[in-house]
Amino acid sequence: MPELPEVETVCRGLDKAITRKTLARLELRRKGLRFPFPRGLAQRCAQQRITAIRRRAKYILIHLASGDVLIAHLGMSGRMVIVDRDEKHTPEKHDHVIFHLMDGSCVVFNDARRFGVLDIAAEKDLAQSRHFAHLGPEPLDTDFSPAYLTQKLADKKTAIKIAIMDQAVVVGVGNIYAAEALFEAKIDPTRAASTLKPAEIKKLWAAIRHVLEKAIAAGGSSIRDYVQSDGELGYFQHQWAVYDKEGEKCRGCTCPLPKTGGIKRITQGGRSTFYCAARQK
DNA sequence: AGTGTCGCCTGAATGC
DNA sequence: TGCATTCAGGCGACAC
């Protein structure tokens, strides 16, 4: 379930592994993922030097010397795997795209559920592209501020958890970090967004940034060069406070468990929400 | 315009 | 044991 920290960690791993290298060819092993691959995708990548790896929201951006940018999204189940020696790699099930590099290594994009994306656009058109045009600010940038969040949440009737997962409000916050941030801020995820008081908005703003920064740091520190021993990028052990912990104690729990029943699980927008009803108000 | 629901897709977990 | 059903979820499409 890659959210912003996982994607950031994948980007850092890719940066170490392939920036300044040259793509020999892009091997497309099917016609598309969530969307059909654009016409001419492979041709636009062939023999192109990779100048930089960046991230916008949950998208991986692979900048090419031509001025084109490869746009990759991992969706739900997408993984990037670095293989040192191309000839050692036998494509497995769901290895849909392989980036073959001139130095004999390759990067494998595997995505069982095919919710992922691979697209290409000229760098100058990136901000206006269909993937990015509607996106809100990066949560770790200065334009994401308590004042900004206050303005975006005003008059919103939707639940606060749904609101912070809205990419037009702020990008990168998925189901897991939304739950974790609301727990840290001690806010009930079902509250209408517009009912949050200024002090609560400030706490939530800080919590969103804090849980994301902590997770990025964990990804960086737990894995050498962001690459696991099997070459996979970006995933690491997490210690959730509430996510996927239905019925358990929350982090730092002093709640009377027999009475509260522990962490609750409800459904919002068709998605599971985990929270501590005793501590989140 | 804002808000809510659906469906894409497959593997793991669960149910009978 | 094995088959069927449910669930996971990012996010675009669509309905209201």
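Lettering of chains follows the sequences in order, A, B, ..., and the numbering in each one begins at 1.
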(message) How bent is the helix from B:dG2-C:dC16 to B:dC16-C:dG2, measuring the angle between the end axes built from five pairs each, rounded to 10°?
(response) 60°

(request) Answer yes or no: is there an ion pair linking A:Arg55 with A:Glu138, defined by an N-O contact shorter than 4.0 Å? (result) yes

(message) What I want to find out is whether A:Lys186 reaches A:Glu200 closely enough, with some N-O distance under 4.0 Å, to be called a salt bridge.
(response) no

(message) So that I can tick it off, tell me whether A:Lys281 and A:Asp188 are bridged by a salt bridge, with the cut-off set at under 4.0 angstrom between side-chain N and carboxylate O.
(response) no

(request) Quick one: closest heavy-atom pair of A:Arg85 and A:Asp103, and the distance? (result) NH1-O, 3.7 Å

(request) Would you grab the first and last nucleotide of DNA chain B (5' to 3') that comes under 4.0 Å of any non-hydrogen atom in chain A? (result) B:dT3 to B:dG11

(request) Could you check how far CZ of A:Arg114 sits from P of C:dG10, rounded to whole Å? (result) 19 Å

Under 3.5 Å, side-chain donor or acceptor atoms of residues 144-151 of chain A against the rest of the protein: list the pairs with distances, not counting sequence neighbours.
{"residue": "A:Ser145", "atom": "OG", "partner": "A:Tyr148", "partner atom": "N", "Å": "3.1"}
{"residue": "A:Tyr148", "atom": "OH", "partner": "A:Val169", "partner atom": "O", "Å": "2.6"}
{"residue": "A:Thr150", "atom": "OG1", "partner": "A:Pro146", "partner atom": "O", "Å": "2.7"}

(request) Report the distance from atom CD1 of A:Ile164 to atom NZ of A:Lys156, rounding to the nearest 0.5 Å. (result) 12.5 Å

(request) Indicate the ring-plane relationship of A:Tyr59 and A:His131, choosing parallel, tilted or perpendicular according to the 30° and 60° boundaries. (result) tilted

(request) To the nearest 0.5 angstrom, please state how far the CZ atom of A:Phe274 sits from the CG atom of A:Leu182. (result) 14.0 Å

(message) Any base atoms under 4.0 Å from A:Asp111, or only sugar-phosphate, or nothing? Heavy atoms, all strands.
(response) nothing

(request) Can you tell me the distance, in whole Å, between the CZ atom of A:Arg113 and the C1' atom of C:dT6? (result) 13 Å

(request) Quick one: list whatever passes salt bridge (Lys or Arg N to Asp or Glu O under 4.0 Å) with A:Asp119, sequence neighbours left out. (result) none

(request) State whether a side-chain donor-acceptor pair under 3.5 Å links A:Arg271 with A:Asn175. (result) no

(message) Quick test of your reading: applying side-chain hydrogen bond (donor to acceptor under 3.5 Å, both in side chains), list the pairs with at least one residue in residues 31-46 of chain A, sequence neighbours left out, ordered by first then second residue.
(response) A:Arg44-A:Asp68

(request) Measure the distance from CG on A:Asp166 to C1' on C:dG10 and round it to the nearest whole Å. (result) 13 Å

(request) Produce a footprint string for nucleotides 11-16 of chain C: one letter per nucleotide, 5' end first; B if the base is under 4.0 Å from any protein heavy atom, S if only the sugar-phosphate is, - if neither. (result) BS----

(request) Please tell me which of A:Ile162 and A:His94 maps to the more 5' nucleotide of DNA chain B, matching each residue to the nucleotide holding its nearest heavy atom. (result) A:Ile162

(message) Distance check needed: C:dC7 P versus A:Asn175 CG, whole Å only.
(response) 15 Å

